Amino acid sequence: MNIAVFASHGGSDLQAIIDGCKTGKINAKVAVVISNNGNSMALQRAENEKIPCYHLSAKQSGSEEKLAEEILDVLSKYNIDMIFLAGYMRLLHISILQKYHNRIFNIHPALLPKFGGKGMYGMNVHNAVIQAHEGETGITIHRVNAEYDSGEIVAQTKVPVRADDTAETLAARVLEREHEFLIEVISDIANGRIVLGKDQK
Ligand code: GRF
């Protein structure tokens, strides 16, 4: 299984996926990395690992349509079976969603449907969890559709919220768990326990 990982910033989730593939815990390969942010650590990590990587953005391409065409070309070039959004801060164009129907997944650092939707990313999520005095939070991996955080949930795991947590301490605990959980769930996708769409590549 050839995976394309899309990431905008730090890429620690990307690194966990790469490491999971390298150690054989995930029966797949990160074939390409795409980022909308030319300065992202995610691109740096891909380069360090000698994985092909692309900085593709609407600003550079000239329009959302052209960006989608460029992304689709890259995905075809690397014969991609599955797309994983690991901290990618953009919605995908409908042409990508259609071509890779049920083959695109996102990781979200909370127990969706709570604490999701537009604007709910990064520290905003953890701040909201703390302010709501939740006793637990977690991680959701879901299929991607045309709206933020609303596709079918394929896996969730819980993470405790401690009484003395700040958004920062909570974020760190969730992210650490993400790195293990990604391996478990992507391994399930690679082994067919979580089913991909039948659409042609
Ligand atoms: C993670 O919290 C993930 O849940 C969210 O974006 C963050 C990515 O972190 N979708 P990193 O850039 O991989 O370190």
Side-chain angles (χ1 to χ4, degrees), residues 3-22 25-26 28 30 32-49 51 53-57 82-92 96-97 104-130 134 136-161 165-186 188-189 194:
I3 307 174
V5 179
F6 287 46
S8 298
H9 296 297
S12 72
D13 279 352
L14 163 68
Q15 190 69 53
I17 299 169
I18 293 170
D19 293 347
C21 293
K22 284 205 313 201
K25 289 181 187 159
I26 301 173
V30 178
V32 70
V33 172
I34 294 176
S35 182
N36 59 318
N37 173 5
N39 297 318
S40 64
M41 265 298 288
L43 288 177
Q44 191 58 57
R45 289 176 192 270
E47 276 176 21
N48 294 346
E49 300 284 346
I51 294 171
C53 59
Y54 293 79
H55 170 214
L56 299 175
S57 71
M82 190 270 260
I83 298 170
F84 202 92
L85 308 185
Y88 186 63
M89 303 301 290
R90 307 263 322 179
L91 286 174
L92 291 178
I96 303 171
L97 297 177
I104 312 176
F105 299 85
N106 179 53
I107 184 162
H108 184 81
L111 293 173
L112 291 175
K114 283 171 125 177
F115 306 107
K118 193 166 171 22
M120 273 294 176
Y121 59 85
M123 293 307 290
N124 295 354
V125 176
H126 305 296
N127 272 315
V129 169
I130 297 278
E134 296 284 310
E136 60 184 14
T137 183
I139 299 156
T140 303
I141 293 179
H142 64 91
R143 295 187 200 267
V144 171
N145 60 19
E147 288 163 41
Y148 285 109
D149 304 325
S150 63
E152 181 204 352
I153 292 170
V154 297
Q156 281 185 316
T157 189
K158 291 179 178 170
V159 174
V161 181
D165 264 334
T166 61
E168 286 74 19
T169 59
L170 183 59
R173 187 175 314 117
V174 171
L175 192 61
E176 197 182 339
R177 179 71 183 110
E178 278 184 42
H179 298 156
E180 305 161 347
F181 193 54
L182 275 168
I183 291 175
E184 296 164 26
V185 176
I186 296 180
D188 280 350
I189 297 169
I194 294 171

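Small disclaimer: the values here were computed from a predicted structure and weren't measured. Whatever order the structure lists them in is the order used to number ligands and atoms, beginning at 1.
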Write out each pair where an N or O from ligand 1 and one from the protein are under 3.5 Å apart, with the distance.
| residue | atom | partner | partner atom | Å |
| --- | --- | --- | --- | --- |
| ligand 1 | 2 (O) | E178 | OE2 | 3.1 |
| ligand 1 | 4 (O) | E178 | OE1 | 2.9 |
| ligand 1 | 4 (O) | E178 | OE2 | 2.9 |
| ligand 1 | 10 (N) | I107 | O | 2.8 |
| ligand 1 | 12 (O) | G10 | N | 3.2 |
| ligand 1 | 12 (O) | G11 | N | 2.8 |
| ligand 1 | 13 (O) | S12 | N | 3.0 |
| ligand 1 | 13 (O) | D13 | N | 2.7 |
| ligand 1 | 14 (O) | S12 | N | 3.0 |
| ligand 1 | 14 (O) | S12 | OG | 2.6 |

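Not counting sequence neighbours, F181 has no partner by the ring pair (Phe, Tyr, Trp, His ring centres under 6.0 Å) test. Here F105 pairs with nothing under the ring pair (Phe, Tyr, Trp, His ring centres under 6.0 Å) rule; sequence neighbours left out. Partners of S40 by side chain to side chain contact (heavy atoms under 4.5 Å, CB included), not counting sequence neighbours, listed by chain and number: S35, N37, A42, L43.
Few gaps surround CD on E180; more than 12 heavy atoms of other groups in view lie less than 6.0 Å from it.
One finds the CD atom of E136 at 10.0 Å from the OG1 atom of T157 (value rounded to the nearest 0.5 Å).
The two residues S8 and Y88 make their nearest non-hydrogen contact at OG-CA, 3.4 Å.
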